Amino acid sequence: MRLAASGLDEAEYTMAHVFHINGKIDGAFVASSGKNMGAFKGVGYPEDIGAFYRICDYDAWAWTAHGRFPTNTPGWWGGAHPFTLLNWSVVHNGEISSYDANRRYVEQFGYDCELQTDTEVITYLFDLLSRRHGLTPELAAHIMTAPAWDEIDALEPADAAFETALRTTYASALVNGPFSVILGSSEGLLAINDRLKLRALMAAEKGSMVYMASEQAAIELVCPDAENMRAIGGGEPFVVQLDSVVAAKAAADADAENDPHNAPLAHEVGVLPRRKEA
């Protein structure tokens, strides 16, 4: 009844209450606000925190974890990773030197950065670009780690126009500084490094499992016989999706190819990337 009266969709309604609690109620903050997901935070050794929350009793297809408090922002529960909003879960190593510019940008859209950590603004950027603006998480990550202007100038004209449009439209969403980020969502996992690769970020596989971590040793501890161990390139989103998500997107793309409304619009010429020829 309250949701219907608010005039908001479920996600916006939930987010409004999260920001109300975080900013208006002293001594309280929201650790988890998504569906079919949970965030567990505490002070202590990771194995003790896991035992306290009885993590072994949970089943999940994706996990994100972080083993320490922030080092350049206040170390407290609200700023501890994973940092979540709705169905986004972010763990992050490094430092966001563009924090103030990014914070001012998201605050224009109603996001309140109250929890004293630079990871907070990364989470809100993903939510703004992906959920609100309808971009894929991969494109959102690309915007946040957009190529430098000299790299754009060296591209083919159509690609350069596309990158220029992104950097112009989302100039304040560009994230600078040394960082590595792993994003969890209802679709799967995404990992991204800063453009200059100033922080380590590794990926490996074993069977149907994919592992990502800031250090190779962490992956080997969890899966000693992991295969295809490699470093993720700077500014290159590494995406792992559920099989069900991939199948659904493939079906949607097949339907879109037969939809006459999918034809290019006149104003898209020279801005969007070239479409595949029929």
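Bear in mind that the values here come from a model prediction, so they are computed numbers and not experimental data.
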S.K.: V210 versus F238: any side-chain heavy-atom pair under 4.5 Å?
M.R.: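 With C-beta onward as the side chain, the pair touches.
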S.K.: Short question: side chain of D112, backbone of E114 - any donor-acceptor pair under 3.5 Å?
M.R.: no
S.K.: Test: salt bridge (Lys or Arg N to Asp or Glu O under 4.0 Å). Region: residues 131-151. Which pairs qualify, not counting sequence neighbours?
M.R.: E12-R131, E12-R132, D127-R131
S.K.: Is it the case that the side chains of H66 and N93 hold a donor-acceptor pair, with the cut-off being a distance below 3.5 Å and no angle test?
M.R.: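 Yes, side-chain donor-acceptor contact under 3.5 Å.
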S.K.: What distance separates N102 CG from Y111 OH, expressed to the nearest 0.5 Å?
M.R.: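 So the gap between those two atoms works out to 13.5 Å.
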S.K.: Following the transitive rule for hydrophobic clusters with a side-chain heavy-atom cut-off under 4.5 Å over Ile, Leu, Val, Met, Phe, Trp and Tyr, establish whether V245 and L139 coincide in one cluster.
M.R.: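 No, separate clusters.
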S.K.: Run L166 and F162 through side-chain contact (heavy atoms from CB on, under 4.5 Å) and show every step you take.
M.R.: CA-CA 6 Å; L166 284 182; F162 175 62; 3.8 Å; yes
S.K.: With a 4.5 Å limit on heavy-atom distance, are the side chains of M37 and N87 in contact?
M.R.: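 Answer yes - side chains close enough.
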S.K.: Look at the side chain of S33 and the backbone N and O of L86, then say whether any donor-acceptor pair between them is shorter than 3.5 Å.
M.R.: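 Yes; judged by distance alone, with no hydrogens or angles, the pair exists.
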S.K.: Should V106 and C113 count as side-chain neighbours, where that means a heavy-atom distance under 4.5 Å?
M.R.: yes
S.K.: Taking ring pair (Phe, Tyr, Trp, His ring centres under 6.0 Å) as the definition, give me every residue that meets it alongside Y105, ordered by chain and number, with sequence neighbours left out.
M.R.: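 With sequence neighbours excluded, Y105 shows a ring pair (Phe, Tyr, Trp, His ring centres under 6.0 Å) to F109, given in chain and number order.
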S.K.: Is it true that L125 and I182 fall in one hydrophobic cluster, defined by side-chain heavy atoms closer than 4.5 Å?
M.R.: no
S.K.: So does N228 have more than 12 non-hydrogen atoms from other groups sitting under 6.0 Å from CG?
M.R.: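 Enclosed: over 12 neighbouring heavy atoms sit under 6.0 Å from CG of N228.
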S.K.: With sequence neighbours left out, what residues match Y58 under ring pair (Phe, Tyr, Trp, His ring centres under 6.0 Å)?
M.R.: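 Partners of Y58 by the ring pair (Phe, Tyr, Trp, His ring centres under 6.0 Å) criterion, ordered by chain and then number, come out as F40.
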S.K.: Side-chain contact, heavy-atom cut-off 4.5 Å: R104 with S172?
M.R.: no
S.K.: Scan for ring-ring contact (aromatic ring centres under 6.0 Å, His included) pairs involving residues 166-215, sequence neighbours excluded, and state none if there are none.
M.R.: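 Residue pairs with at least one partner in residues 166-215: H133-Y170.
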S.K.: Within a strict 4.5 Å, meaning less than it, do heavy atoms of the M144 and I122 side chains meet?
M.R.: yes
S.K.: Does anything in residues 18-37 pair up under salt bridge (Lys or Arg N to Asp or Glu O under 4.0 Å), and if so which pairs, sequence neighbours excluded?
M.R.: E10-K35
S.K.: Which atom names give the shortest non-hydrogen contact between P147 and H142, and what distance separates them?
M.R.: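 In terms of heavy atoms, the two residues are closest at CD-CE1, 3.8 Å.
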S.K.: Can you list everything that forms a salt bridge (Lys or Arg N to Asp or Glu O under 4.0 Å) with R54? Sequence neighbours excluded, please.
M.R.: D57
S.K.: Minimum heavy-atom separation for A173 to I143, with atom names?
M.R.: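 The answer is CB-CG2, 4.0 Å.
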S.K.: Between E236 and R195, is the salt bridge (charged side-chain N to carboxylate O under 4.0 Å, His left out) condition met? List the steps.
M.R.: CA-CA 8 Å; E236 300 174 3; R195 294 179 297 176; over 6 Å; no
S.K.: What side-chain hydrogen bond (donor to acceptor under 3.5 Å, both in side chains) pairs are there with at least one residue in residues 182-193, not counting sequence neighbours?
M.R.: E187-K249, N193-K197
S.K.: Under the 4.5 Å side-chain heavy-atom rule for ILVMFWY, direct or indirect, which residues accompany L174?
M.R.: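 ILVMFWY cluster around L174 holds nothing else.
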S.K.: If I compare all heavy atoms of S6 with all of L3, which pair ends up nearest, and what's the gap?
M.R.: OG-O, 2.6 Å
S.K.: Do F52 and W63 land in one hydrophobic cluster if side-chain heavy atoms of ILVMFWY residues count as linked below 4.5 Å?
M.R.: yes
S.K.: Would you compute the distance between atom CG of L183 and atom CG of L190 and round it to the nearest 0.5 angstrom?
M.R.: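 Reported value, rounded in 0.5 Å steps: 5.5 Å.
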S.K.: Contact between Y124 and E107 at the side-chain level, heavy atoms closer than 4.5 Å - yes or no?
M.R.: no
S.K.: Working note: T145 + I192, criterion side-chain contact (heavy atoms from CB on, under 4.5 Å); need CA distance, chi angles, decisive distance, verdict.
M.R.: CA-CA 8 Å; T145 58; I192 188 73; 3.8 Å; yes
S.K.: Can a donor-acceptor pair be found between the side chains of T64 and S89 at a distance below 3.5 Å?
M.R.: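 Side chains of T64 and S89: pair found under 3.5 Å.
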S.K.: Is there a continuous path of hydrophobic side-chain contacts, each under 4.5 Å between heavy atoms, that joins V91 to V240?
M.R.: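 Both belong to a single hydrophobic cluster.
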S.K.: If you take all heavy atoms of V175 and S98, which pair is closest and at what distance?
M.R.: CA-OG, 3.4 Å
S.K.: Please enumerate all residues that pass side chain to side chain contact (heavy atoms under 4.5 Å, CB included) together with A140, with sequence neighbours excluded.
M.R.: F126, L129, S130
S.K.: Do the non-hydrogen side-chain atoms of H81 and K41 ever get within less than 4.5 Å of each other?
M.R.: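 No, every pair of side-chain atoms sits at 4.5 Å or beyond.
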S.K.: Can you check whether V30's main-chain N or O pairs, donor with acceptor, with N22's side chain at less than 3.5 Å?
M.R.: yes
S.K.: Would you indicate whether E215, at its atom CD, is surrounded by more than 12 heavy atoms from other residues, nucleotides or ligands within a distance under 6.0 Å?
M.R.: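 Incorrect, the count does not exceed 12.
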S.K.: List in chain and number order the residues that pass salt bridge (Lys or Arg N to Asp or Glu O under 4.0 Å) with R167, two or more places apart in sequence or in another chain; answer none if no residue qualifies.
M.R.: none
S.K.: Applying salt bridge (Lys or Arg N to Asp or Glu O under 4.0 Å) as the test, list every pair that has at least one member in residues 79-102; sequence neighbours left out.
M.R.: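 Residue pairs passing salt bridge (Lys or Arg N to Asp or Glu O under 4.0 Å), neighbours aside: D100-R103.
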S.K.: Using a strict 4.0 Å threshold on nitrogen-to-oxygen distance, state whether K206 and D225 make a salt bridge.
M.R.: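 Looking at D225 together with K206, the answer is yes, because their closest N to O distance falls below 4.0 Å.
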S.K.: Atom CZ of R2 and atom CG of L8: how far apart are they, to the nearest 0.5 Å?
M.R.: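 Separation between the atoms: 13.5 Å.
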S.K.: Drop me the distance from I49's CD1 to E47's CD, to the nearest 0.5 angstrom.
M.R.: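 Here the rounded value is 9.5 Å.
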S.K.: Is there a path from V222 to Y45 through hydrophobic residues (I, L, V, M, F, W, Y) whose side chains come within less than 4.5 Å of each other?
M.R.: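 Different clusters: V222 never reaches Y45 through Ile, Leu, Val, Met, Phe, Trp or Tyr contacts under 4.5 Å.
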S.K.: Can you tell me how far the CG atom of N176 sits from the OH atom of Y99, to the nearest 0.5 Å?
M.R.: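 If I round to the nearest 0.5 Å, the distance is 15.5 Å.
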S.K.: Testing the basics here: between T168 and W149, what is the closest heavy-atom pair and its distance to 0.1 Å?
M.R.: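 Minimum heavy-atom contact is OG1-CH2, 4.4 Å.
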S.K.: Decide whether S180 and H92 meet the rule of one side-chain donor and one side-chain acceptor closer than 3.5 Å.
M.R.: no
S.K.: Who passes side chain to side chain contact (heavy atoms under 4.5 Å, CB included) against S208, sequence neighbours left out?
M.R.: none
S.K.: Identify the two heavy atoms, one from M212 and one from A191, that lie closest to each other, and give their separation to 0.1 Å.
M.R.: SD-CB, 3.5 Å
S.K.: Considering only heavy atoms from C-beta outward, does the side chain of M202 approach that of E220 to under 4.5 Å?
M.R.: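 With C-beta onward as the side chain, the pair stays apart.
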S.K.: Distance from I152 atom CD1 to E163 atom CD, nearest 0.5 Å?
M.R.: 5.5 Å
